[in-house]
Colleague: 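Quick one: this structure, given as structure tokens, is what I'll be asking you about.
The first residue in the sequence is number 1, and the count goes up from there.
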Amino acid sequence: MWDDLSRWWRVEIALWVCYWDALDRKDQPSVRYCVNHSLLLSVFWLVALIGGLMVFGTIVQVLQGGCR
């Protein structure tokens with residue numbers, strides 16, 4: 001079990017590094033491959049999206065009259 005978990009983690013880290021390197025090179029097929037095969041990247045972008053929406057909502061709330 002621990003071997004499978006450590007292997008999965010190493011693959012996720014390799015896909016993470018592959019993704020950011022492919023973005024630097026503007027290599028879209030490699031970016032797509034990494035995103036499609038990595039759970040870590042999917043969770044990262046989901047958290048980034050939710051965080052961005054929360055910040056946007058806070059800004060809208062402040063502009064509408066602030067917290068009461």
Colleague: Do Val17 and Tyr33 share a hydrophobic cluster, counting only Ile, Leu, Val, Met, Phe, Trp and Tyr and linking them when any side-chain heavy atoms are less than 4.5 Å apart?
Modeller: no
Colleague: So if you build clusters from Ile, Leu, Val, Met, Phe, Trp, Tyr with side-chain heavy-atom gaps below 4.5 Å, do Val47 and Phe56 land together?
Modeller: no
Colleague: Would you say Leu39 ends up clustered with Val11 if hydrophobic residues are merged whenever their side chains have heavy atoms under 4.5 Å apart, either directly or through other cluster members?
Modeller: no
Colleague: To check you understand the geometry: which heavy-atom pair defines the closest contact between Leu41 and Leu15, and what is its length?
Modeller: CD1-O, 4.0 Å
Colleague: Working to the nearest 0.5 angstrom, can you tell me the gap between Leu49 CG and Phe44 CZ?
Modeller: 11.5 Å
Colleague: Looking at OH of Tyr19 and CG of Asp24, how far apart are the two atoms once the value is rounded to the nearest 0.5 Å?
Modeller: 10.5 Å
Colleague: How far does SG of Cys18 sit from CD of Glu12, to the nearest 0.5 angstrom?
Modeller: 12.0 Å
Colleague: For Ala22 and Val31, which heavy atoms make the closest approach, and how far apart are they?
Modeller: CB-CG2, 3.6 Å
Colleague: What class does the angle between the rings of Trp45 and Trp20 fall in, given that below 30° is parallel, 30 to 60° is tilted and above 60° is perpendicular?
Modeller: tilted
Colleague: When rounded to the nearest 0.5 angstrom, what is the spacing between CG in Leu5 and CZ in Arg10?
Modeller: 10.0 Å
Colleague: What closest approach, in Å, do Arg7 and Asp4 show between heavy atoms, and which atom pair accounts for it?
Modeller: NH2-OD1, 3.1 Å
Colleague: Would you say the side-chain atoms of Ser38 pair up with the backbone N or O of Val35, donor to acceptor, closer than 3.5 Å?
Modeller: no
Colleague: Quick check for you: to the nearest 0.5 Å, what is the distance between Trp9 atom CH2 and Trp2 atom CH2?
Modeller: 13.5 Å
